[in-house]
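To start, the structure under review is shown below, and the notes come after it.
Nothing fancy with the numbering, it's 1 onward along the sequence. Computed from a prediction, not measured in an experiment: that's the story for all the values here.
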Amino acid sequence: SNNGRKVKLEKGQVLAGSPGTNLILLGGSVTAAGDGLIDVTEGNVAKEDTSLFPYHSYIVTEEGEGCVALSGCTVFVCG
């Protein structure tokens with residue numbers, strides 16, 4: 001199913017996706033896990049360990065990429 005869901009992460013947890021997964025940070029702080037997260041909102045690529053912007057839409061391009069929680073956070077995941 002492609003229905004979106006909110007995922008709560010604790011500090012240090014990794015959220016990994018598959019190609020085409022859409023991630024949107026709703027609250028808290030996360031960094032990119034992998035070098036192929038496309039920031040669709042800005043039109044650029046989020047490199048490994050760089051902070052993701054709240055409410056930006058990110059698309060996973062490689063299996064297992066996603067984000068790492070720097071604090072308790074909520075991420076909207078679709079796909």
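- Criterion: ILVMFWY side-chain heavy atoms under 4.5 Å apart, direct or through other members. Under it, Val77 and Ile59 are not part of a common hydrophobic cluster.
- What you find for Asp49 and Thr31 is that their closest heavy atoms are O-CG2, 3.6 Å.
- Hydrophobic clustering (ILVMFWY, side-chain heavy atoms < 4.5 Å, transitive): Val60 and Val68 are in distinct clusters.
- Under a 3.5 Å cut-off, the side chain of Thr61 and the backbone N or O of Gly36 do form a donor-acceptor pair.
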Side chain to side chain contact (heavy atoms under 4.5 Å, CB included) between Asp35 and Val45, worked out: CA-CA 7 Å; Asp35 279 331; Val45 177; 5.8 Å; no

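- Among all heavy-atom pairs drawn from Cys67 and Leu52, the shortest one is CB-CD1, 4.0 Å.
- Minimum interatomic distance between Leu37 and Glu65 (heavy atoms only, all atoms of both residues): N-OE1, 3.8 Å.
- The neighbour count for Phe53 CZ, taken as heavy atoms of other residues, nucleotides or ligands under 6.0 Å away, does not exceed 12.
- Between Glu48 and Ala33, the closest heavy-atom pair is OE2-CA, 4.0 Å.
- By the criterion of side-chain heavy atoms lying less than 4.5 angstrom apart, applied directly or through intervening Ile, Leu, Val, Met, Phe, Trp or Tyr residues, Val7 is grouped together with Leu23 in one hydrophobic cluster.
- Here the side chain of Asn22 pairs a donor or acceptor atom with the backbone of Tyr58 at under 3.5 angstrom.
- Taking each heavy atom of Gly27 and Cys73 in turn, the nearest pair found is O-CB, 2.9 Å.
- In terms of heavy atoms, Tyr55 sits closest to Thr41 at O-OG1, 4.4 Å.
- In this structure, CD in Glu63 is found 8.0 Å from OG1 in Thr21, a value given to the nearest 0.5 Å.
- Here Leu9 contributes atom CG and Leu70 contributes atom CG; the two are 10.5 Å apart, rounded to the nearest 0.5 Å.
- Clustering ILVMFWY residues whenever any of their side-chain heavy atoms sit less than 4.5 angstrom apart, transitively, puts Leu15 in the very cluster that holds Val30.
- Here the straight-line distance linking atom CG of Asp39 with atom CG of Asn44 works out to 5.0 Å at 0.5 Å rounding.
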